[in-house]
Number of protein chains: 2
Amino acid sequence: METAVAGLIQIKNIELCADYDFVMPLEHMSASEPSSKLKTVKASCQTCRLRDLCLPIGLAPDEIGKLDKLINRRQRVRTGQHIFRAGKPLHFLYAVRSGFFKAYEVSNDGIEQINGFYLGGELLGLDAIGSGSHQCSAVALDDGEVCEIPFDALETLVREIPTLQRQFHRILSREITADHSIMKLLGSMSAEQKLAVFLTSLSARFNMLGYSPTSLFLKMSREEIGNYLGLTLETVSRTFRKLQDDGLLDVQRRHIQIRDLKALQQMTEIGHCNH
Amino acid sequence: METAVAGLIQIKNIELCADYDFVMPLEHMSASEPSSKLKTVKASCQTCRLRDLCLPIGLAPDEIGKLDKLINRRQRVRTGQHIFRAGKPLHFLYAVRSGFFKAYEVSNDGIEQINGFYLGGELLGLDAIGSGSHQCSAVALDDGEVCEIPFDALETLVREIPTLQRQFHRILSREITADHSIMKLLGSMSAEQKLAVFLTSLSARFNMLGYSPTSLFLKMSREEIGNYLGLTLETVSRTFRKLQDDGLLDVQRRHIQIRDLKALQQMTEIGHCNH
DNA sequence: CGCGTCCGTTGATCAAAGTCAAGGTACGCT
DNA sequence: AGCGTACCTTGACTTTGATCAACGGACGCG
């Protein structure tokens, strides 16, 4: 459990990046977001430690410079704050620099549906491009930072820099393939498999960001996990228990210690699906 | 039931478009596809009746001309033929001109997962952009035609024509939002709701193409519907029965006559979801 | 420090959909 | 025409996970 806590701290540390001055704190989200106190700083892909995971992959230094000029600011976001809301016009895409975000929709019957969780290096707001307004809302489940990318300017730059264009298309396409995996999960996996996929996916993403792949601190509740995986919160809880009893995990509420990552990954593949 | 058959015939008619000469029949898919006899013709967006649904939306006539130059051919595809296979490198995207297509993946445990069904005006192969090779296979469930769009050339043209760029990005983004709807469906709807969504979606798409929104001829088996919706084929069959007993449908195997579209659409929204 | 709230756990019960099995129907092929 | 196969339907039974309910621990706040 001490290690789990260490994992947590590590996750939080990603946002520490010394070489930027804070520009004046700014009330960004006006009336509709009374609790917002988003600090903004000049963003820089040049020195961002996520530049090999994010939009700038493969860009030459001068091209990254152009991209930097376009991304005017980096925003600090506190837990519980929204970066955008469903229905609002699309002005920016948001690149996650640090923290942990949830994208969700609320249907007119008032039921929430979580579309995904987003970590460092991932892009939020792509589903808004089709209609020009955000389909989902995005909220921080942990303190973090996002880079604000003006969409129109990005499209213009994308026309100038083929490598950037290619990368942008890749990102859009990968969002599609990721959704296809989730569709497979939702349509044909048992509760146990779903949770195994969920954990191994988180594990891999944390690992990519340089954190422990086995010591996870979950930023979301059991209910949110269940919502995302098509399960009830009780089933999520019981399934965590089951995986713990089988010796695959140590579960201490939101601190998850993966004891047997191999076995978890195998559960992901093996076809004891239903249909 | 006669009307259902009429619907079917109508669907097939879309591929009749008199003003193109058939170029020589061509063995397109070489060794791996022994049954292929794909005839190809010069494609033309200019005169395509789907130009307001497809990639050329909003383009000026001269811009459509440029797009035409790039899309070198239109291919006839017979029922059961593949247009591409998972694992093959991405050379082309395919715009459906007519017919009915299924995109699916087979995981290494041999289980098929259907990602979607594609009708006229829709684009196949978008999930290949991320990795550069096709993630899924695409097969015709009915005779039809597809336009072959060289992806590299498309990216180049997209850089030249902002309107085309915008439209391409919209299409990619809409694929994402469509997948999100399916995720919601898979994660939180009852069998009855799933089928209602499935039918109303098909109905709307047929309608958009100019066909009857109430008289559907399904090109896929119960098993394929179930696979897509996260149900077994038996449940699909029973649920069709239930909807028929409730007076919403007439079901004659694959001929579906929608008796109460309004009611079907309402089932789609109402929140007797589970979690 | 003590209280209240939120979140997670656990148990008992129930229902929806999966599984297994047995026909039935349409359609293509010889 | 007759046969065979693939697909669909229907029934009986089982199972997984949802639902309802009670409780317990952690944390924040007065």
Side-chain angles (χ1 to χ4, degrees), chain A residues 1 4-5 8 78-80 102 111-112 141-142 185-196 198 216-245 249-256 267 271-275, chain B residues 1 4-5 8 35 78-80 102 111-112 141-143 185-196 198 216-245 249-256 267 271-275:
Chain A
M1 191 199 150
V5 173
L8 163 61
R78 306 285 296 272
T79 305
K102 162 178 103 167
I111 292 171
E112 177 174 319
L141 297 186
D142 193 11
L185 173 146
L186 291 168
S188 68
M189 288 186 180
S190 67
E192 220 171 314
Q193 280 184 302
K194 286 176 175 180
L195 212 56
F198 178 72
L216 315 178
F217 183 79
L218 305 180
K219 290 303 179 180
M220 73 293 280
S221 67
R222 299 288 189 262
E223 182 166 18
E224 288 169 320
I225 298 171
N227 181 305
Y228 183 57
L229 299 179
L231 299 170
T232 57
L233 65 97
E234 293 95 332
T235 302
V236 172
S237 186
R238 277 186 256 267
T239 308
F240 268 129
R241 190 52 145 80
K242 172 89 168 43
L243 292 175
Q244 181 169 36
D245 291 348
L249 303 177
D250 262 11
V251 182
Q252 220 82 38
R253 304 195 128 238
R254 295 190 180 188
H255 298 264
I256 309 290
M267 292 185 48
H272 49 82
C273 307
N274 26 11
H275 18 267
Chain B
M1 195 202 148
V5 173
L8 163 61
S35 66
R78 305 288 295 273
T79 306
K102 164 178 103 168
I111 292 171
E112 176 174 319
L141 298 187
D142 192 11
D143 294 356
L185 174 146
L186 290 168
S188 68
M189 287 186 181
S190 65
E192 221 171 312
Q193 281 185 302
K194 286 176 176 180
L195 213 55
F198 179 71
L216 316 178
F217 183 79
L218 305 179
K219 290 303 179 182
M220 73 293 280
S221 68
R222 299 288 188 261
E223 183 166 18
E224 288 169 320
I225 297 171
N227 182 306
Y228 183 57
L229 298 179
L231 300 170
T232 57
L233 66 99
E234 293 94 333
T235 300
V236 172
S237 187
R238 279 187 255 266
T239 307
F240 268 129
R241 190 53 146 83
K242 173 87 168 43
L243 293 175
Q244 181 169 36
D245 291 348
L249 303 177
D250 262 14
V251 182
Q252 219 84 39
R253 302 191 132 240
R254 294 189 180 188
H255 298 265
I256 310 290
M267 292 185 48
H272 49 83
C273 307
N274 27 12
H275 17 268

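Residue numbers begin at 1 in each chain, while the letters A, B, ... track the order of the sequences. Source: prediction; values computed, not measured.
Nearest heavy atoms, A/L186 versus B/G187: CD2-CA, 4.2 Å. Nearest heavy atom pair, residue B/K102 against residue B/E112, reads NZ-OE2, 2.9 Å.
Look at A/R238 and you won't find any side-chain N or O under 4.0 angstrom from OP1 or OP2 of D/dG17. Here A/R222 reaches the OP1 or OP2 of C/dT9: one of its side-chain N or O atoms lies under 4.0 Å away. Side-chain nitrogen and oxygen atoms of B/R254 include none within less than 4.0 Å of the OP1 or OP2 phosphate oxygen of D/dC7.
The closest donor-acceptor contact from the side chain of B/K194 to the backbone of B/L229 lies under 3.5 Å.
Distance A/Q193 CD to D/dT15 P: 18 Å, rounded to the nearest Å. Between A/L233 atom CG and C/dT9 atom C1' there is a gap of 10 Å when expressed in whole angstrom units. In this structure, A/I225 atom CD1 and C/dG8 atom P are separated by 8 Å, rounded to whole Å. Rounding to whole angstrom units, CD of residue B/E234 and P of C/dC20 are separated by 10 Å. If you measure from atom NE2 of A/H255 to atom C1' of C/dC7, you get 13 Å, rounded to the nearest angstrom. Whole-Å rounding puts the B/K242 NZ to D/dG11 P distance at 15 Å. Note: CG (B/L231) to P (D/dT16) measures 18 Å, nearest angstrom. When the P atom of D/dC7 is taken as reference, atom CZ of B/F240 falls 16 Å away, rounded to whole Å.
Atom CG of A/L249 sits about 14.5 Å away from atom NE2 of A/H255, to the nearest 0.5 Å.
The list of salt bridge (Lys or Arg N to Asp or Glu O under 4.0 Å) pairs with a residue in residues 229-244 of chain B, not counting sequence neighbours, reads B/E192-B/K242, B/R241-B/D245, B/K242-B/D246.
In terms of position on DNA chain D, the residue among A/V236 and B/S237 whose nearest nucleotide sits closer to the 5' end is B/S237. In this structure, B/T235 and B/R253 both approach DNA chain C, and ranking their closest nucleotides by distance from the 5' end singles out B/T235.
Nearest to the side chain of B/A191, among C/dA17, D/dT10, C/dG8, sits C/dA17. If you check C/dG18, C/dG8, D/dT19 against the side chain of A/S221, the one that comes closest is C/dG8.
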